[in-house]
Amino acid sequence: MVTPASNRATKTAAASTSAEQRPTREQAEAAIRVLLRWAGDDPDREGLRDTPSRVARAYQEYFVGYAEDPVAMLERTFEETDGYDEIVLLRDIRLESTCEHHMAPIIGRVHVAYLPHRRVVGISKLARVVDAYSKRLQIQEKLTAQIANTIQDVLMPRGVAVVIEAAHQCMTTRGVHKPGVTMVTSRMLGAFRDNAATRRELLAMIGNRGPNVLTA
């Protein structure tokens with residue numbers, strides 16, 4: 001069994017290796033200039049002259065998750081709950097990720113729930129875990145599992161559930177060109193997988209919400 005500590009050590013080692021192999025900022029900007037030329041434009045014209053630098057800065061924002069440790073985000077917990085042991089649900093977390101196949105945006109929302117076992121975590125930390133994993137090159141299925149598995153490994157609650165609803169620009173603006181399509185994935189662990197009544201209660205809580213953020 002992989003413990004949170006060993007899992008964290010593996011991630012740290014991988015991040016270190018990645019950092020050693022990372023191209024320089026100048027190399028990244030040169031690559032962007034090549035792409036601009038390949039697209040058929042002139043990177044030296046006025047409107048594109050600063051584009052390589054802008055894109056490099058944007059990539060630092062899009063993929064900031066590679067520099068973050070989701071495990072560490074969950075390690076500070078609170079035990080003064082007066083025995084609270086019902087569902088904790090953080091609903092409609094804004095999702096902004098990037099498809100690893102076409103590097104196109106994935107935009108949607110994430111619902112994260114867990115059943116506490118003697119301790120709880122600050123709700124902002126759940127949103128930060130979502131961001132840490134989503135700000136990487138992703139597929140939605142893997143992203144869903146990563147969020148749920150990390151919460152389960154670190155908090156060790158009685159159950160964890162993650163539901164993601166998202167639109168993938170790799171199929172809405174290219175390829176099959178099917179706008180308005182939403183992909184839904186879920187990962188249920190512990191009581192949410194084993195107890196149908198608990199799962200139904202969670203899904204009812206998720207369904208009782210306001211306007212759809214995908215179209216708002």
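Lys125 pairs by the side-chain hydrogen bond (donor to acceptor under 3.5 Å, both in side chains) definition with nothing, not counting sequence neighbours.
A distance of 9.0 Å separates CD1 of Ile139 from OG1 of Thr144, quoted to the nearest 0.5 Å. Here the straight-line distance linking atom NE2 of His117 with atom OG1 of Thr81 works out to 11.0 Å at 0.5 Å rounding. Note that the OG1 atom of Thr51 and the CZ atom of Arg54 stand 5.0 Å from one another [nearest 0.5 Å].
Relative ring orientation between Tyr59 and Phe63 is described as perpendicular, the plane-to-plane angle rising above 60° on a 0-90° scale split at 30° and 60°.
Between Ser124 and Arg128, the side chains place no donor N or O within less than 3.5 Å of an acceptor N or O (distance only, hydrogens not considered).
Between Val163 and the options His111, Arg91, Arg187, a side-chain contact (heavy atoms from CB on, under 4.5 Å) holds for only His111. Tested against Arg94, the residues Ile107, Val130, Val110 include a single side-chain contact (heavy atoms from CB on, under 4.5 Å) partner, Ile107. Each of Lys178, His102, Gln140, His101 was compared with His168 under the side-chain hydrogen bond (donor to acceptor under 3.5 Å, both in side chains) criterion, and only Gln140 meets it.
A salt bridge links Glu165 to Arg109: at least one charged side-chain nitrogen sits closer than 4.0 Å to a carboxylate oxygen. Using a cut-off of 4.0 Å between Lys/Arg side-chain N and Asp/Glu carboxylate O, Lys142 and Glu100 are scored as salt-bridged. A salt bridge is absent between Arg37 and Asp41: the closest approach of a Lys/Arg side-chain nitrogen to an acidic carboxylate oxygen does not fall below 4.0 angstrom. Using a 4.0 Å cut-off between charged nitrogen and carboxylate oxygen, Glu29 and Arg25 count as a salt-bridge pair.
Side-chain contact between Val120 and Thr77 is absent, with no heavy-atom pair separated by less than 4.5 Å. Looking at heavy atoms from C-beta onward, Glu141 lies out of side-chain contact with Leu143 at the 4.5 angstrom threshold.
Looking at Arg119, its side chain does come within 3.5 Å of a backbone N or O of Leu155 through a donor-acceptor pair. A donor-acceptor pair is defined here as one N or O able to donate and one able to accept, closer than 3.5 Å; such a pair exists between the side chain of Arg199 and the backbone of Arg193. In this structure, the side chain of Gln138 engages the main chain of Tyr133 through a donor-acceptor pair within 3.5 Å. Checked by atom type and distance alone, the side chain of Ser97 pairs as donor or acceptor with a backbone atom of Ser134 at under 3.5 Å. Using a distance-only test at 3.5 Å, with no hydrogens or angles considered, a donor-acceptor pair links the side chain of Tyr84 to the main chain of Ile87. Judged purely by atom type and a 3.5 angstrom limit, Arg158 uses its side chain to pair as donor or acceptor with the backbone of Asp85.
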